[in-house]
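I have placed the structure first, in the form of structure tokens, so that the comments after it can refer back to it.
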Amino acid sequence: MGKDHILVGLEIGTSKICVVVGESKPDGSIKILGVGHAPSRGVRKGEIVDFDTAQKCVHEALVDAEEKSDVMIQSVYVGITGSHISSFNNRGAVNVPEDQEEITDMDCENVRGAAKEVSIPSQNAFIHSILQHYYVDGQDGVLNPIGMIGGKLEADFHIIHGIGNRIKNTIRCVREIPLEVEDVVFNPLAAAQVVLNQNQKNLGALVIDIGGGTTDFLVYVDGAVKQTGVLAVGGDHITNDISMGLRIPMARAEKLKVEEGSVILGNSLPGETILLKDDHGFAGKEIERETLNTIIHMRMRETLELLRRTLLQRENYLDYLGAGVFITGGTSQLKGIDNLAQDIFEMPVHRTHAQTMSGLTSAFENPQFSTAIGLIKYAQAIQLDRPSGWLSRIKRKIPFFG
Amino acid sequence: MIQLNRNYHLVPQTNDTVKIKIVGLGGAGSNALDRIVLDGVESADLVAINSDVQSLTSSVANEKVQLGREATRGLGAGGDPEVGLTAAEEAIDEIRSALDGAGMVFLCVGLGGGTGSGAAPLVASIAKEQGALVVVFATMPFTFEGKRRSAQAHDALASLQIAADAVICFENDTMGDAVSPKAGIHQAFAAADETISQSVRAISQLFAHPGILHIGFDDLRAALANNNARCLFGHGEAEGDNRAHDALTRALKNPLMDRGRLLDDAHKILVNVAGGPGMTLNEVQILMEELGRHVGDESHILFGTAVDPKLGNRMSVTIISSISVGVQLPAARPARITAHVEPAPEPEPEPVPEVIEAATPEPEQELIADEEPVAPPPPKPAPVARPKPVIKAKPAAPELIPAADAKPKAEAKQETLQFEAITRGRFEKSEPTIVDGEDLDVPTFLRRNVKVK
């Protein structure tokens with residue numbers, strides 16, 4: 001890519017909507033020009049439930065981003081999540097025609113098609129098929145088979161799919177603003193691009209993105225995506241638990257969680273209380289700190305244990321995580337969450353945010369923006385990958401359009 | 001280099017040894033027969049049997065038998081299996097002579113109506129009497145045709161399962177799914193006939209061309225051995241570079257396969273891969289690996305492969321299996337069975353279950369076991385044509401027990417239900433997140449019964 005290129009990532013989250021505007025430099029680096037965000041309404045567990053309200057919020061965030069970055073936003077990369085998204089690994093195989101010696105890029109396309117020939121529920125659509133490794137005549141670990149001589153080409157893919165109509169709804173929400181949607185990207189895939197560096201991907205890493213409505217995760221082993229998933233439990237659930245357990249309004253519970261909450265038990269003095277102020281600043285209800293922390297701890301422990309069980313269910317990738325666990329997303333700011341995760345996963349846990357960017361440091365040092373920044377990085381990667389020009393762009397139209 | 005004649009194992013004469021007769025019985029049966037003729041079938045005699053003269057004259061079969069010259073006077077059986085049966089009994093000698101000398105009889109029949117449901121068991125047993133292997137291709141009526149028809153169809157199916165060597169059962173409901181909702185109704189029925197025609201051809205090929213890895217009749221029976229089963233059938237042919245993959249995709253596209261999803265539940269799956277002399281081991285391997293992904297880990301694959309020079313460059317895959325649809329039948333059956341068989345044991349356990357949930361299943365099972373021998377002996381009359389009472393008693397045992405088993409269990413579960421409403425707070429109206437049976441929207445401390453405050 002010869003010239004500077006403006007890329008925009010849009011994440012429609014459960015608690016906030018954020019738009020990150022970045023500039024892709026010819027040398028492959030990214031400069032963040034501005035970040036716009038707006039509180040989100042009409043989104044539950046990562047999925048739009050109130051179309052009009054959500055659209056308004058997206059619009060607000062866009063205007064905010066345009067003001068801050070001084071860029072007219074025309075097209076965006078949209079991050080998606082939701083419990084309807086699932087994934088699996090699959091191997092595709094094709095025979096190289098006998099009259100042809102070398103493996104061509106056509107064969108690589110065919111093998112991708114073959115890997116997609118699996119039964120997914122009829123209402124589902126493919127979101128990503130991510131290449132892991134090629135095999136040529138059974139020889140494994142081939143990274144680029146084009147030009148090699150072989151008779152049988154196989155490839156492992158990680159395939160992510162979700163309910164087509166729900167994805168379409170998200171796209172429609174954005175297109176009606178109106179904005180062009182360049183592509184939809186599964187959230188953790190985007191976040192992992194900026195949270196991890198190549199070395200960590202090779203060593204093996206687990207990225208957990210705990211947002212407001214969902215907890216998304218992704219496992220990298222040997223530089224390839226091995227497992228992804230969504231658990232529809234997030235920070236909202238903690239707030240809801242606090243609100244119900246302490247009988248206080250949601251807004252108050254949210255504030256209490258952010259300001260006072262911790263997942264560490266036994267750290268408070270016996271009988272230590274937090275004084276809740278009412279709307280006028282007068283002293284209101286007294287709450288025992290240990291009670292608050294117990295509620296948060298139980299929810300977080302359950303969520304992370306569930307995650308661990310999910311990861312162990314298929315293949316035990318936990319043994320291959322040389323670089324450890326990386327927690328990001330808004331809820332990762334919760335006090336003591338890294339200690340709890342370390343306790344559960346029994347390996348080093350890092351709280352991280354987007355790395356190695358230039359521009360607004362305040363933006364990428366906030367774990368809330370990992371996914372939106374990741375979308376830009378992801379966009380840059382696929383644009384470098386694919387030849388530019390209008391023809392190729394038409395060829396690669398997103399299947400959800402129309 | 002030593003060159004082996006690749007075709008050494010092909011014994012073309014085998015075609016002559018087994019004489020195949022394809023019989024279309026009733027209206028639906030003759031429609032299917034017409035379709036089979038259209039698609040072309042090798043070395044088989046076609047016999048149409050019907051009570052309706054009009055449809056019989058329009059049939060393309062080379063042998064025709066009219067049922068019930070006296071009983072129905074050339075009209076149909078009017079949806080009454082009893083009439084269908086009397087009509088068939090009238091023409092029993094003609095049926096016998098029509099089926100004479102067949103080594104294998106494929107009986108295509110639409111169940112639910114009069115002629116099909118009534119005469120099919122009789123025709124099947126006549127064929128069996130004459131020493132032929134009998135494979136029945138039965139279609140079950142659409143649900144919208146009414147409960148009466150579906151009950152008649154199930155009765156006939158049960159008798160057929162005893163009278164025939166193998167029953168392949170197609171459900172019109174699932175076959176109807178294959179055609180687009182906008183397609184005309186004749187297209188839906190045509191699709192059903194096509195599926196039957198495909199499977200008849202595929203199975204006749206299976207036996208006509210013994211393969212390198214041979215699939216025998218025993219394999220077919222094993223694959224279809226499920227009682228009350230729904231048949232999974234798929235057949236695909238393809239040529240070109242990717243023919244292995246394409247053929248399998250086509251086979252799985254069959255509506256009876258549901259894109260291979262149903263294969264996961266099947267215990268025994270019969271797979272026959274056939275191709276021209278150019279078919280390579282590698283291709284078979286790719287195909288089987290791909291198929292393996294659709295199949296559960298525990299299922300048994302009965303694999304056969306054959307080289308058929310007629311296929312030329314093409315490759316064909318046939319998948320046959322069955323899964324039991326335990327939900328439907330037991331629900332319909334026990335009611336009738338209880339009415340027939342047991343006047344005494346029913347009232348006894350009925351009032352009790354609420355008190356002794358855990359204990360009830362065993363005594364009840366014993367009760368049935370005791371009852372069992374009493375029921376079957378009396379009905380075993382000489383005419384093979386009316387095996388119905390026997391069948392009713394037989395499946396009663398396996399079906400009634402689960403039904404009786406399930407009842408007390410469900411009640412036990414209900415008692416543990418909390419009557420206090422479980423609150424989900426702000427997630428009240430959103431889609432629940434349920435993992436391992438736990439509703440994660442309910443606060444963890446509530447689910448763990450931890451006291452706060």
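Naming: A, B, ... by sequence-line order, numbering from 1 per chain.
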key: A:Val49 portion near chain B, given a 4.5 angstrom heavy-atom threshold   = neither
message = How about CZ on B:Arg447, more than 12 heavy atoms from neighbouring residues, nucleotides or ligands closer than 6.0 Å, or not?
response = yes
inquiry  = Rounded at 0.5 Å granularity, tell me how far CD in A:Glu98 sits from OG1 in B:Thr280.
reply    = 8.0 Å
query = Residues two or more places apart in sequence or in another chain: which of them pass salt bridge (charged side-chain N to carboxylate O under 4.0 Å, His left out) with A:Asp50?
reply = none
message = Applying side chain to side chain contact (heavy atoms under 4.5 Å, CB included), can you list everything that pairs with A:Glu260, at least two apart in sequence or on another chain?
response = A:Leu256, A:Ile274, A:Arg289, A:Leu292
request  = Just do the side chain to side chain contact (heavy atoms under 4.5 Å, CB included) check on B:Val435 and A:Leu231 with the steps written out, would you?
outcome  = CA-CA 9 Å; B:Val435 177; A:Leu231 190 64; 4.2 Å; yes
OG1-CD1 distance between B:Thr444 and A:Ile238, expressed to the nearest 0.5 angstrom = 9.0 Å
request  = Give, for atom CZ of B:Arg448 and atom CZ of A:Arg301, the distance between the pair rounded to the nearest 0.5 Å.
outcome  = 10.5 Å
message = Would you compute the distance between atom CG of B:Leu446 and atom CE of A:Met244 and round it to the nearest 0.5 angstrom?
response = 5.5 Å
B:His245 and A:Asn110: CA distance, side-chain angles, deciding distance, side chain to side chain contact (heavy atoms under 4.5 Å, CB included) verdict = CA-CA 11 Å; B:His245 170 79; A:Asn110 287 343; over 6 Å; no
inquiry  = Between A:Ile287 and chain B, with a heavy-atom cut-off of 4.5 Å, which part of the residue counts as in contact: side chain, backbone, both or neither?
reply    = neither
key: chain B contacts, top residue of A:His237, A:Arg44, A:Glu290 (heavy-atom pairs, under 4.5 Å)   = A:His237
ask   = Measuring from A:Lys152:NZ to B:Glu283:CD, what's the distance to the nearest 0.5 Å?
value = 11.0 Å
query = When rounded to the nearest 0.5 angstrom, what distance separates CG in B:Leu252 from CD in A:Glu117?
reply = 9.0 Å
request  = Select one option (side chain, backbone, both, neither) describing which atoms of A:Ser243 are under 4.5 Å from chain B's heavy atoms.
outcome  = neither
ask   = What's the verdict on side chain to side chain contact (heavy atoms under 4.5 Å, CB included) for B:Leu440 and A:Glu302, showing C-alpha distance, side-chain angles and the deciding distance?
value = CA-CA 9 Å; B:Leu440 295 183; A:Glu302 180 193 58; 3.8 Å; yes
key: Top of A:Ile242, A:Val96, A:Asp236, A:Val94 for chain B proximity - count of heavy-atom pairs under 4.5 angstrom   = A:Asp236
task = Report the C-alpha distance between B:Phe445 and A:Thr294 in whole Å, list the side-chain angles of each, state the deciding distance to 0.1 Å, and finish with yes or no for side chain to side chain contact (heavy atoms under 4.5 Å, CB included).
result = CA-CA 8 Å; B:Phe445 66 88; A:Thr294 309; over 6 Å; no
inquiry  = Report which part of A:Met250 has an atom under 4.5 Å of a heavy atom belonging to chain B: side chain, backbone, both, or neither.
reply    = side chain
